[in-house]
Amino acid sequence: MATLTTRVLDQYHGIAVEGMVVSLEAHGDDEPIMTLHTNARGELEETLLQDGSGGHYRLIYHVRDYFLSRGVECPLLDRIPVEFTLSRGASETIVLLVSPWGYSVHRDSRSCHDNRVSGRR
């Protein structure tokens, strides 16, 4: 069973992003599997995939709308698509660091684990 969540941090204001729309799509589909809003911690109240078997997906972050709602012009970015492959049984958190002029995406280090190292199976 694969699980997926995300966290968004606003580098311009130095805060967690509250109220950003985040959509999840299966690769090749135009309709979202689900669409949620980030909470005060920049996280989602629900897991994006709870019973996923893995596969190729796309997260879409609605960046422009977020910054405009905070009174900040965002002339460069609108929506940020992040495409990735989720392995069967993986449990991942994708973190987006964003400003009105750029962004960085990484895998949350807390979700990086190797069963061979920890001895768990």
Side-chain angles (χ1 to χ4, degrees):
M1 170 172 64
T3 60
L4 173 69
T5 191
T6 190
R7 184 161 192 227
V8 186
L9 303 172
D10 177 342
Q11 291 182 302
Y12 181 75
H13 293 101
I15 59 173
V17 169
E18 182 175 9
M20 182 181 286
V21 174
V22 179
S23 300
L24 175 69
E25 299 174 353
H27 184 66
D29 290 349
D30 291 331
E31 294 297 317
I33 295 169
M34 72 184 335
T35 299
L36 298 169
H37 291 81
T38 56
N39 62 22
R41 295 180 315 276
E43 301 170 343
L44 303 173
E45 294 294 332
E46 296 179 47
T47 303
L48 288 164
L49 284 176
Q50 296 176 5
D51 299 321
S53 59
H56 200 77
Y57 297 95
R58 177 184 314 112
L59 281 171
I60 306 213
Y61 298 90
H62 297 242
V63 175
R64 182 181 184 84
D65 294 339
Y66 164 75
F67 280 110
L68 290 176
S69 75
R70 297 192 53 88
V72 177
E73 284 297 317
C74 189
L76 178 64
L77 300 173
D78 184 9
R79 295 181 180 176
I80 298 173
V82 177
E83 293 190 13
F84 58 94
T85 300
L86 190 62
S87 301
R88 182 178 182 86
S91 185
E92 300 290 352
T93 300
I94 295 175
V95 179
L96 174 70
L97 306 173
V98 66
S99 80
W101 308 279
Y103 64 93
S104 173
V105 177
H106 68 269
R107 176 184 186 199
D108 188 331
S109 62
R110 291 176 291 182
S111 66
C112 297
H113 63 277
D114 186 335
N115 290 334
R116 292 171 295 171
V117 174
S118 68
R120 291 179 282 163
R121 288 244 166 232

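Here the structure is a predicted model, which means the values were calculated and not measured. Along the sequence shown, residues carry numbers from 1.
Counting heavy atoms from C-beta on, the side chains of Met34 and Leu36 come closer than 4.5 Å.
For the atom pair CG (Leu4) and CG (Leu24), the distance works out to 6.0 Å, reported to the nearest 0.5 Å. Interatomic distance, CG of Asp65 versus SG of Cys74, reported as 9.5 Å (0.5 Å rounding). Here the CD-OG1 distance, from Glu46 to Thr5, works out to 10.0 Å after rounding to the nearest 0.5 Å. Arg7 CZ to Ile94 CD1: the interatomic distance, rounded to the nearest 0.5 Å, is 14.5 Å. Note that CD of Glu92 is 11.0 Å distant from OG1 of Thr85, once rounded to the nearest 0.5 Å. Here Ile80 contributes atom CD1 and Tyr103 contributes atom OH; the two are 5.5 Å apart, rounded to the nearest 0.5 Å.
Ser91 pairs with exactly one of Thr47, Leu86, Leu49, Thr3 by the side chain to side chain contact (heavy atoms under 4.5 Å, CB included) rule, that one being Thr3.
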Ignoring hydrogens and angles, write down the donor-acceptor pairs under 3.5 Å from the side chains of residues 9-21, residues two or more places apart or on other chains.
residue : atom : partner : partner atom : Å
Asp10   : OD1  : Tyr12   : N            : 2.8
Asp10   : OD1  : His13   : N            : 2.9
Asp10   : OD2  : His13   : ND1          : 2.7
Asp10   : OD2  : Tyr66   : OH           : 2.6

Pair Leu48, Tyr57 - check side chain to side chain contact (heavy atoms under 4.5 Å, CB included), show working. CA-CA 11 Å; Leu48 288 164; Tyr57 297 95; over 6 Å; no
Would Glu73 and Leu68 count as a side chain to side chain contact (heavy atoms under 4.5 Å, CB included) if you check the C-alpha gap in whole Å, the side-chain angles of each, and the deciding distance to 0.1 Å? CA-CA 6 Å; Glu73 284 297 317; Leu68 290 176; 4.1 Å; yes
Would you check, one step at a time, whether the test side chain to side chain contact (heavy atoms under 4.5 Å, CB included) holds for His62 with Asp78? CA-CA 6 Å; His62 297 242; Asp78 184 9; over 6 Å; no
Take Phe84 and Leu59 through the test side chain to side chain contact (heavy atoms under 4.5 Å, CB included) and record every step on the way to the result. CA-CA 8 Å; Phe84 58 94; Leu59 281 171; 3.8 Å; yes
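Summarising the hydrophobic clusters (Ile, Leu, Val, Met, Phe, Trp, Tyr; side-chain heavy atoms under 4.5 Å, direct or chained), the residues clustered with Ile60 are none.
Closest approach of Leu77 to Ser99, counting heavy atoms only: CD1-O, 3.5 Å. In this structure, Pro100 and Leu76 approach most closely via the heavy-atom pair O-CB, 4.0 Å.
In this view, Thr6 and Tyr61 satisfy the side-chain hydrogen bond (donor to acceptor under 3.5 Å, both in side chains) rule, not counting sequence neighbours. For Thr35, the side-chain hydrogen bond (donor to acceptor under 3.5 Å, both in side chains) partners are Ser23, not counting sequence neighbours. Residues forming a salt bridge (charged side-chain N to carboxylate O under 4.0 Å, His left out) with Arg58 (at least two apart in sequence, or on another chain): Glu25, Glu83. Residues forming a ring pair (Phe, Tyr, Trp, His ring centres under 6.0 Å) with His56 (at least two apart in sequence, or on another chain): His27.
Val8 and Val82 end up in the same hydrophobic cluster when Ile, Leu, Val, Met, Phe, Trp and Tyr side chains are linked at under 4.5 Å.
Counting only residues at least two apart or on different chains, the salt bridge (Lys or Arg N to Asp or Glu O under 4.0 Å) pairs with a member in residues 28-42 are Arg41-Glu43.
With hydrogens and angles ignored, the 3.5 Å screen pairs no side-chain donor or acceptor of Ser87 with any backbone N or O of Ala90.
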